[in-house]
Amino acid sequence: MRLSRFAALTSSLLLAAGAALFGAGQASAAQADFGYVALGDSYSSGVGSGNYDSSSGDCKRTSRAYPALWAAAHTPQSFAFTACSGARTDDVLANQLAPLNTGTDLVSLTVGGNDAGFSDVMTTCVLQSDSSCINRVNQAKAYVDSTLPGKLDSVYNAVGSRAPNAHVVIIGYPRFYKLGGSCIAGLSEAKRSAIDGAADYLNAALAKRAANHGFTFASVTSAFTGHEICSGNEWLHSLNWANIGESYHPTATGQSSGYLPVFTNAA
């Protein structure tokens, strides 16, 4: 079993403490060094959970997002949070990788949903017919098959090159809807099923590319089961016309009770 970078850090700190206790000398500062970099899109920046850092502008990063929550709980020596709302793979490459280096021990990343047309899929499904929604979902799946793998490879190669010693965790996306759930209005069951199927399809592609690069894929599907839209105990925002950008994103509870435990286990 592969020892996670955080587990390795914990072990080194325990060994250092033991060495000091028994007079074996002071551990070097390098033993306590641990650098974490959080990359990705709105699911990593924390859109939907509120309390946004004004200095992050349209990226809408927040202390309620799982990367910031993990860093607060584990106090890595360095923490760089560059995830940004709306980010696609090209945006990660262009704007988010600067903090990565040979001293980076842990990287988290959510990306791919925007490349596959997440916003347009949801707009089509909300405003148009069942057949139009399903056709748009099928177009997104075709993109996931034909184009997204190469886009992901470019990002994963860059992360691996810049941070060759890091444990990299690729985190997936939740299913949005509980089928046969409590909703009596809104999208049809056919649309909800198609959207959930698209999430599964995207996650399978992310998992495959992650494995090919030796990265860890962390699924949040099970964590959000029972907490989807129409479940009666939602950890995701439904359509919100008053704040459209937060629609279909995790709530603060979705970040702390859904994404955070999954990432912690994978880290």
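Please read these numbers as outputs of a predicted model, since none were measured by experiment.
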Between Asn51 and Thr62, do the side chains contain an N or O donor and an N or O acceptor separated by less than 3.5 Å?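 Per modelled atom types, Asn51 and Thr62 side chains form no pair under 3.5 Å.
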Taking atom types as modelled, is there a side-chain donor on Thr110 or Ser44 under 3.5 Å from an acceptor on the other?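 Short answer, yes.
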Side-chain heavy atoms of [X] within contact of [Y], under 4.5 Å:
X	Y	value
His74	Thr264	yes
Asn95	Thr82	no
Val126	Tyr248	yes
Phe34	Thr75	no
Val155	Asp90	no
Leu97	Val159	yes
Phe217	Asn203	yes
Thr104	Asn165	no

Under a single-linkage definition using a 4.5 Å side-chain heavy-atom cutoff for Ile, Leu, Val, Met, Phe, Trp and Tyr, are [X] and [Y] assigned to the same hydrophobic cluster?
X	Y	value
Ile195	Leu127	yes
Trp70	Leu39	yes
Phe79	Tyr52	no
Ile134	Tyr143	no
Leu187	Trp241	yes

Can you tell me how far the CD1 atom of Ile229 sits from the OG atom of Ser238, to the nearest 0.5 Å?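 Ile229 CD1 to Ser238 OG: 4.5 Å, rounded to 0.5 Å.
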Does [X] use its side chain to pair, donor to acceptor, with the backbone of [Y] at less than 3.5 Å?
X	Y	value
Lys60	Val47	no
Tyr173	Gly113	yes
His167	Leu106	no
Asp41	Ala87	no
Asp91	Arg88	yes
His213	Ala211	no
Ser182	Cys230	yes
Gln255	Pro250	no
Ser193	Glu189	no
Asp115	Thr89	yes

Please step through side-chain contact (heavy atoms from CB on, under 4.5 Å) for the pair Cys125 and Arg136, ending with a clear verdict. CA-CA 8 Å; Cys125 289; Arg136 184 62 186 88; 5.6 Å; no
Phe224 vs Trp235 aromatic rings, parallel, tilted or perpendicular, using cut-offs 30° and 60°?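 Ring orientation, 0 to 90° scale: perpendicular.
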Ring-plane angle category for Phe176 and Phe118, please: parallel below 30°, perpendicular beyond 60°, tilted otherwise. perpendicular
For residues [X] and [Y], report the shortest heavy-atom separation together with the two atoms involved.
X	Y	answer
Leu93	Ala158	CD2-CB, 3.6 Å
Leu236	Pro174	CD2-CG, 3.9 Å
Ser188	Asp130	OG-OD1, 2.8 Å
Cys59	Ser45	O-OG, 3.2 Å
Val137	Ala198	CG1-CB, 3.8 Å
Ala116	Ala140	O-CB, 3.4 Å

Within a 6.0 Å radius of atom CG on Asp58, are there more than 12 heavy atoms belonging to other residues, nucleotides or ligands?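 12 or below, so no.
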Would you say Arg175 has more than 12 foreign heavy atoms packed within less than 6.0 Å of its CZ? no
Under the side-chain contact (heavy atoms from CB on, under 4.5 Å) rule, what do Ile170 and Tyr156 come out as? Steps first, then yes or no, please. CA-CA 9 Å; Ile170 307 299; Tyr156 296 175; 3.3 Å; yes
Asn101: which residues meet the side-chain hydrogen bond (donor to acceptor under 3.5 Å, both in side chains) condition with it, sequence neighbours left out?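 For Asn101 there are no side-chain hydrogen bond (donor to acceptor under 3.5 Å, both in side chains) partners, ignoring immediate neighbours.
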Step through it carefully: locate the ring centre of Tyr36, locate the ring centre of Phe263, and say whether they are under 6.0 Å apart. yes
Derivation of the side-chain contact (heavy atoms from CB on, under 4.5 Å) call for Cys183 and Tyr177: CA-CA 10 Å; Cys183 294; Tyr177 293 99; 5.7 Å; no
